[in-house]
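Chain A is the first sequence line, chain B the second, and so forth, proteins listed ahead of strands; every chain is numbered from 1.
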Number of protein chains: 2
Amino acid sequence: MSKKNAILLTATHLFAHKGLNNTSMAELSKITGAAGGTIFHHFKNKEDLFLNVINNVKETVTSAFKTYFLEHRFDNGLKMVEGAIMYYLNLAETMEDRFLLLHRHDPYKLAETNSTCRQYLEEIYDCLLDVFERGIKIGKDDGSIQIISTRNTALIIFSMIDGIVRFNTYKLYSAGALYDDLMASCRKILTR
Amino acid sequence: MSKKNAILLTATHLFAHKGLNNTSMAELSKITGAAGGTIFHHFKNKEDLFLNVINNVKETVTSAFKTYFLEHRFDNGLKMVEGAIMYYLNLAETMEDRFLLLHRHDPYKLAETNSTCRQYLEEIYDCLLDVFERGIKIGKDDGSIQIISTRNTALIIFSMIDGIVRFNTYKLYSAGALYDDLMASCRKILTR
DNA sequence: AAACCAACCGAATGATCGGTCGGGTTTTTT
DNA sequence: AAAAAACCCGACCGATCATTCGGTTGGTTT
């Protein structure tokens, strides 16, 4: 693997687990084996490196989501929303680093001053919410879902799942133990 | 107000809005008007100051919650859960600093190595969850709520609300616009 | 009035940080 | 194989950080 890629992956891991400010370039240099100057050769400064990490998160997360819903068919809209929840919980485990990073303040703080960062974040959430929203819309058409507000319900269900993932991350309680009740709750929200 | 109190309140605000590492003791000194040495006279180090801030958050949040539910009566369990949601959303606005801090990684990171911090956080979440759980239990007894798992449902509803508050904080979307649909969703989860 | 003490001050300190620079090495192009 | 380009190195720099320390003040106790 190229030094640049090693730096990017290690930075993703460290930024996710220790935060932007608690990760020093010296540590990054030590772990990757790249000299200090090498990092600044590939990324013009720390913020640029962070931005590249976020971009990488955006690419991997959205493409994983898009691919999954291109390759899978669902009996109806309700099943599709259920599939989205399952896949989101699944991704949060297999892409732990990336979801951890999205639960930190660092990206949102940078987004306040850096429009590129803001755009990356918006693309991620647009992509995720879009799947939920499409599922609900399809469900309303095929009769498996009965609610009024498509957008708001998508937001509510998404933040419910994301809230669970967050508490799971902090080990306040386990997402796995809630799985069945979580699914039941979502079905109740979506159906009469 | 005493210098010590000024330091504590300013630290709460800065830690909440800028994070632990982005808040320097020098800045704290400048804003409060207290000399550098004075801060370390009252708090033995930065971690100790942060711990005192978390303790203060614990005290104010839990006592606000406890007082509210001691002084209010509800027609039934379902109304009590609805009241808990309303009051939680309300507190997240009026105690913005404190809830912002609880949505940062800083407290949970310290909790990994500092058992006092862990205990404070547990007390906060125990207190909040307890209200939801009691409401659900009462609702099951009086018939306004029909579900199987009291604990899990309390956790699910709580993380739904907390997830909304978090997205509201990041200005990804507004909690106010979701209020009606949020309440409707909760009622659906809790009733047949 | 002497002794005491908590509150307070601010200059000084050593460690660490992000970032620079000049020079060496490898790879690609011509 | 010569030239150009891209990659890589690590010593070094100025800024900033948390923390220390010797000393002052004003009120309370003896």
Main chain of A:Ala16, side chain of A:Asp97: is a donor-acceptor contact present, judged purely on distance under 3.5 Å?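 Not at all, since once roles are kept as given, no pair shorter than 3.5 Å links the two residues.
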
Answer yes if the side chains of A:His105 and B:Arg104 hold a donor-acceptor pair under 3.5 Å, and no otherwise. yes

Could you tell me if the ring centre of A:Tyr88 sits under 6.0 Å from that of A:Phe99?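 Yes, the ring of A:Tyr88 comes within the 6.0 Å limit of the ring of A:Phe99, centre to centre.
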
Taking the six-membered ring for Trp and the full ring for Phe, Tyr or His, determine whether the centres of A:Phe50 and A:Phe43 are under 6.0 Å apart.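 Aromatic pair excluded; centres sit 6.0 Å or further apart.
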
Distance, rounded to the nearest Å, where [X] contributes [atom1] and [N] contributes [atom2]:
| X | N | atom1 | atom2 | answer |
| --- | --- | --- | --- | --- |
| A:Phe43 | D:dC7 | CZ | C1' | 13 Å |
| B:Lys46 | D:dC17 | NZ | P | 9 Å |
| A:Leu49 | C:dG19 | CG | C1' | 13 Å |
| A:Asn22 | D:dC17 | CG | C1' | 13 Å |
| B:Ile39 | C:dA6 | CD1 | C1' | 17 Å |
| B:His41 | C:dC9 | NE2 | C1' | 11 Å |
| B:Met25 | D:dA18 | CE | P | 7 Å |
| B:Phe40 | C:dA12 | CZ | P | 18 Å |

Assign [X] to base, sugar-phosphate, or nothing according to its heavy-atom contacts below 4.0 angstrom with the strands shown.
| X | answer |
| --- | --- |
| A:Thr23 | sugar-phosphate |
| A:Thr38 | base |
| B:Lys3 | sugar-phosphate |

Applying side-chain hydrogen bond (donor to acceptor under 3.5 Å, both in side chains) between B:Thr150 and each of B:Lys137, B:Lys140, B:Glu133, report the one that passes. B:Lys140

When you get a sec, tell me which of C:dC9, D:dC7, D:dA18 is the closest nucleotide to the side chain of B:Ala35? C:dC9

Taking for each residue the nucleotide of DNA chain C with the nearest heavy atom, is it A:Asn45 or B:Gly37 whose nucleotide lies nearer the 5' end? B:Gly37

Would you indicate, yes or no, if D:dC8 has its OP1 or OP2 atom less than 4.0 angstrom from a side-chain nitrogen or oxygen of A:His42? yes

